[in-house]
Amino acid sequence: MTLSIYNTLTRHKEPFATIEPDKVTMYCCGVTVYDDCHLGHARSYIAWDVLRRYLQWRGYTVRYVQNFTDIDDKILNRARAEGATMQAVSDRYIDAYFRDIQRLNILDASEYPRVTEHIPDIHALIQGLVEKGYAYATDGDVYYNVEQFGDYGKLSGRQLEQMQAGAGGRVDPNDPDRKKRNSSDFALWKSAKPDEPAWESPWGMGRPGWHIECSAMIWARLGETIDIHGGGGDLVFPHHENEIAQSEALTGQPLARYWMHNGMVTVGGEKMSKSLGNFTTIQALLDGQWPDYPQPVAPMAIRLFVLQAHYRKPLDFTPMAIAAAEKGWHTLNSALTAELPSHELSGNTLEAESVQRFQAAMDDDLNTAAALAVLFELAKSIQREVNRRTHQSTRQLSDPQLITTWQTLSQLASVLGLEAQPESTASSPDSSLDLDVAWVETLLHQRQAARQEKHYAESDRIRDELQAAGITVVDLPGGKAEWHRS
RNA sequence: GUCUGGGUAGCCAAGUGGUAAGGCGUUGGUCUGCAAAACCAAAAAUCGUGGGUUCGAUUCCCACCCUGGACUCCA
């Protein structure tokens, strides 16, 4: 079987072939660190995390580079508003990024370069473009001359003359201050304004434009051509188009063999974004601070929510969808944490048919929705068997079969980054719910006594009292009961 | 205007030239003093509309309707 990947550049699924056998170089655009990450970011990085995990599972060695944009107008604005330095702001949100992303079980990239670490590479790249006639300097700014690059528009399918400058409503094409020759030209280097952080350069003090950083980091760290370049679908134009223009004009080589883009998270059909203000941060979601769903959401439920849709399609964010994902995760998690016979019985064998179906789904441009169907079938099979054994004392699967099924589920789930969490800690120790365990145990004893004497009104009253305190009581066979936080 | 996606059961969502995975929900059953959980079973989709190609289309083509994203902030 061959892995095929949808390439934005060709608008087709293509068989995946690497530059070097068994090795993959991939670069995904990271965040501009001026605020907390929201669910849209989570979706993107979960998608690339799954791609990376799957490639590794398929036997590739993956070198995955993801940048931090730590020079930017928004970071500057934030720093000014706080009276802090740009670096203080970006450091803070880089920390926040790691905090959120690790909770979602997203593996660390191989490297996390920052723009500020690559100023010399940026200079070299711009210098090269100037020398080759692709860029021009005016008054301390350097612009890319889009008309010089014949392939401009090949990624996004645009032609310069068909674009309407300013259609996005954020730019005034008739801005008298502009020094560009063509409205499509974009800044490689911006001259410093007073009170802004600035770096020395051959064109005077200033700072890099947005697009150049990715070209420079890829060039410096991964070489002229990489296997996979990923990012949000909203970056296709202009960001990735401009990266191509910069890198390919300089090196004469393709920047990336496969361009992959994830779909947007939407809210009520509209893109979740900072500028629309309709975003929910990862932290708020995990900590139960989302007003539409005021309880902590299991991190794995968020992964499940994301992976139940294909990565290229829009994904609508609703309380119902999150609730459904939580339930779905509960099903998988129960199977993953099921009590099994001793594991030593069966080496490391897996169910070949399930693995094959999983792989076929993932090979088809990472069809995680179809892959999850395999996981759910495995999980249900485990639950069914465990239920038979505990409640009916019968069995349909041998111990090795059951363990093999579990091992298959466990391994395939981990390829998707779905890892078991004990139920009790799923909702995390919340200090606002400081429980008096002794008090609970006392009430449970009273209830048990009442039940034994068939004083059901009293036992139900105690159960209601505990429920009101946020404790759910579950009766077990044999007159025993267990409890957990609601 | 230009470029690019999407419209599949109550909701979410895969997929296919021969009437359609999975999840959530719903209904009935088992279990329980009653619940909950779990398990078993079931119901539920003329696959946006209208044409065309075909023995046959939800799947290919055309038109139309609705809708998302991009057009220099964006994951």
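Chain letters run A, B, ... following the sequence lines, proteins first and then strands; every chain starts at 1. Below, all heavy atoms of this structure are taken into account, side chains as well, without hydrogens, waters or symmetry copies.
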| Taking only side-chain nitrogens and oxygens of A:K380, does any of them come within less than 4.0 Å of OP1 or OP2 of B:rG23? | yes
Distances under 3.5 Å between protein N/O atoms and the N/O atoms of nucleotides 27-31 of chain B, please, pair by pair.
none

Restricting both atoms to N or O, compile the protein contacts to nucleotides 13-17 of chain B shorter than 3.5 Å, with distance only.
residue	atom	partner	partner atom	Å
B:rA13	O2'	A:Q308	O	3.4
B:rA14	OP1	A:H310	N	2.8
B:rA14	OP2	A:K313	NZ	3.4
B:rA14	O3'	A:N367	ND2	2.9
B:rA14	O2'	A:N367	ND2	3.3
B:rG15	OP1	A:N367	ND2	3.0

| query | More 5' along RNA chain B: A:A324 or A:F305, using each one's nearest nucleotide? | reply | A:F305
| field | Separation between the C1' atoms of B:rG17 and B:rG5, rounded to whole Å | value | 24 Å
| field | A:W329 side chain near B:rC24 phosphate (N/O to OP1/OP2, under 4.0 Å) | value | no
Pairs under 3.5 angstrom only: tabulate donor-acceptor contacts from the side chains of residues 297-308 of chain A to other protein residues two or more places apart or in another chain.
residue	atom	partner	partner atom	Å
A:R303	NE	A:L416	O	3.0
A:R303	NE	A:G417	O	3.3
A:R303	NH1	A:D49	OD2	3.3
A:R303	NH1	A:L104	O	2.7
A:R303	NH1	A:N105	O	2.9
A:R303	NH2	A:D49	OD2	2.6
A:R303	NH2	A:L416	O	3.1

| Are A:K327 and B:rG23 close enough that a side-chain N or O sits under 4.0 Å from OP1 or OP2? | no
| message | Looking at A:Q383, I'd like to know whether one of its side-chain N or O atoms comes within less than 4.0 Å of OP1 or OP2 on B:rC39. | response | yes
| said: Under 4.0 Å, heavy atoms only, any strand: does A:Y6 hit a base, just the sugar-phosphate, or nothing? | reply: sugar-phosphate
| request: Ignoring backbone atoms, establish whether A:H261 has a side-chain N or O less than 4.0 Å from OP1 or OP2 of B:rG69. | output: no
| query | A:Y456 on top of B:rG33's base, within under 5.5 Å and under 30°? | reply | yes
